[in-house]
Visitor: 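Below is a structure I'd like to ask you about.
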2 protein chains.
Amino acid sequence: MNMRHLEIFLRVIEQGGFTKAALAMRLTQPTLSAAVRQLEESLETQLLNRLGREVVPTTAGRLLCGYARRIFALRQEALSELQALQAGEQGQLLLGGSTIPGTYILPQLVAGFSRDFPQIKVNLRLAATETIVSALREQLLELALVGGAVDDRRFDVIPCFGDELVVIVPLGHPWAGYENISEKELADVPMLLRERGSASRRAFELRLTEHGVDIPAERLIAEVGGNEALKQGVLAGLGVAVISKLAVVGEVNRRELVALPFAAGPLRRSFYLIQVKGFKLSVAAERFKALVLSRF
Amino acid sequence: MNMRHLEIFLRVIEQGGFTKAALAMRLTQPTLSAAVRQLEESLETQLLNRLGREVVPTTAGRLLCGYARRIFALRQEALSELQALQAGEQGQLLLGGSTIPGTYILPQLVAGFSRDFPQIKVNLRLAATETIVSALREQLLELALVGGAVDDRRFDVIPCFGDELVVIVPLGHPWAGYENISEKELADVPMLLRERGSASRRAFELRLTEHGVDIPAERLIAEVGGNEALKQGVLAGLGVAVISKLAVVGEVNRRELVALPFAAGPLRRSFYLIQVKGFKLSVAAERFKALVLSRF
DNA sequence: GCATATTCATCGATAAAACCTATAGCTAAT
DNA sequence: ATTAGCTATAGGTTTTATCGATGAATATGC
């Protein structure tokens, strides 16, 4: 029982004859005769009563007719939905972001996207880069903007946007009036750092190594698991910290914290737009990707 | 989009790969590759993400997958129902009968049939032979047992069962003790007859013509549109009547009426099992037909 | 890091089917 | 009885489905 046979069968019933149906389908009558015969043979049931003048379905034929109509309705519905999906008229965008880009970059982009495509539901998930990467592989996400470099050939990675790491100190700190801070000076003050594995910590440590600086363990006051906690620590006077400039724009403007660039030049780090290589993006995701790259 | 393509597509998703699905379907892997490619081309949408290790559906693929499953569920349901119909495990028997056979023959047959096949619903419709014939043509009925001969090549007519026409008189009537009544005697008494077109009236008039007897119009007290009314008329003493023996079995046994055969020999008339020629009977109807013929 | 194994895509050939033309056979209407 | 209209069948052609062999890409094991 294939679609073609069912379609021919339906048309013969609707048109009330093989010849009429053949005309309507732009086929010849023997083709329809053969198709219906094959259908009847495969079901081992007579489906149509061929009377001289008219062709009417048997009981079995009427039963099958109802099912065939439902099957074609489903097929039509599937085709319509696929087309709508293809045209981007509906759909869901499963988006991921690691902390910094997810907090300070993606929300604005998503806002713009939702304005342009209000019919697409956006689901933004924030988590550590590693978690995001796993979620991508498991198809829980389609696209993500993360702060950590992803060294995995199974992913397409596009550097995109970026950030500068700055040293933050509380307002009354001796460095508060400085223009910048040399890498060496950082070795001699109490410091708060993000946890190991954090992309910003890695970038910072790389910079120190480049300048031959090593932070003694006793200067490391705390390892903090989040940017908010890091800021709170600095505000409380526990020490200085290195953090994304984006994360302290508010505090700096409100003169609660002072952000100092590095003396050897700004410590930039890139964000990365990542997706699973070979994975076809949905139309929604494709559009979001285009938006991100155009804004960048 | 045909069933084969959908089936292959589903199996590839279920098995998680082309090769595995090919093995499960006893086909080769290139066949499945080609089928899915064609499906994708016809829909102008990528349905599967081919990663090195695994094959997973895209958003569009998941959407189609759901529809495909529903389509196959419908197909399966249709096949099951057709099989059940074929096996006679369910179904409806649309049966017709003209007055006499429908009242005195069919009910017993239907009772026996329902005992044998309780899962089949029987719908018995009683009407004049002409009405039954129309209903058969319009597929409102499949099979009927009628008293009138059907002279129409579009029908299969099987003579089946039969009846004897008798003269009935009330208990106190002068003829009540007679063995039989000659055709000539009938011309001289008040008579009640069924309406013109009734099969029993036709049979009776044919017999009179054969014996050169003609009933004068003044002897015809009434034309009555039903066998019950005919009996009531005779019971009321309006006259004598000719009626199916089957219709007066009760009254004769209760000694309310006396039934007299014709002197020239019993006036038999046949009933006919009719169906539209070329019309495939349902399994239920086929079984009923077999039952009728076996009881006959 | 390199060979091996696994997997999907592609190509050419063949088997199967879908389809067409011509025609026979049947029914219904003139 | 003849004709018109319809379906079934036969035989041949085109299209589609399938297979076997092979290549390219990716993961696995040493």
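Hydrogens, waters and symmetry mates are skipped; everything else that's a heavy atom, side chains included, is used. Chain A is the first sequence line, chain B the second, and so forth, proteins listed ahead of strands; every chain is numbered from 1.
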Visitor: Strictly under 4.0 angstrom, non-hydrogen atoms only: write out the protein contact profile of nucleotides 1-18 of chain C, one letter per nucleotide from the 5' end, B, S or -.
Guide: ------SBBB-------S

Visitor: Should B/D156 and B/F279 count as side-chain neighbours, where that means a heavy-atom distance under 4.5 Å?
Guide: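 Contact flag for B/D156/B/F279 side chains = no.
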
Visitor: Please say which of B/L47, B/L48, B/I8, B/V55 ends up in a side-chain contact (heavy atoms from CB on, under 4.5 Å) with B/I13.
Guide: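 The single option meeting the side-chain contact (heavy atoms from CB on, under 4.5 Å) with B/I13 is B/L48.
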
Visitor: Please list all pairs passing the side-chain hydrogen bond (donor to acceptor under 3.5 Å, both in side chains) test where one or both residues lie in residues 62-74 of chain B, with sequence neighbours left out.
Guide: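 As it turns out, the side-chain hydrogen bond (donor to acceptor under 3.5 Å, both in side chains) pairs with a partner in residues 62-74 of chain B, which skip direct neighbours, are A/E77-B/Y67, A/E81-B/Y67, A/Q139-B/R62, B/E14-B/R69.
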
Visitor: Looking at A/R4 and A/E7, is there a salt bridge between them, counting it only when a charged N and a carboxylate O are closer than 4.0 Å?
Guide: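 Salt bridge flag = yes for A/R4 with A/E7.
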
Visitor: Between B/R154 and A/A35, which is nearer to the 5' end of DNA chain C once each is assigned its nearest nucleotide?
Guide: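 Its nearest nucleotide being more 5', the pick is A/A35.
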
Visitor: Walking along DNA chain D from 5' to 3', note the first and the last nucleotide with an atom under 4.0 Å from a heavy atom of chain A, and give both.
Guide: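 Both ends considered, the range comes out as D/dC6 to D/dA27.
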
Visitor: Between A/R194 and A/R201, is there a donor-acceptor pair closer than 3.5 Å when you use the side chain of the first and the backbone of the second?
Guide: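 No, the answer is negative, given that no donor and acceptor are paired below the 3.5 Å cut-off.
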
Visitor: I'd like to know whether the aromatic ring centres of B/F113 and B/F288 sit less than 6.0 Å apart in this structure.
Guide: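 So the answer is yes for these two rings.
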
Visitor: If I compare all heavy atoms of A/Q92 with all of A/A284, which pair ends up nearest, and what's the gap?
Guide: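 Scanning both residues, the minimum pair turns out to be O-CB, 4.3 Å.
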
Visitor: Minimum heavy-atom separation for A/L273 and A/L293, please, with both atom names.
Guide: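 That closest heavy-atom pairing would be CD2-CD2, 4.3 Å.
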
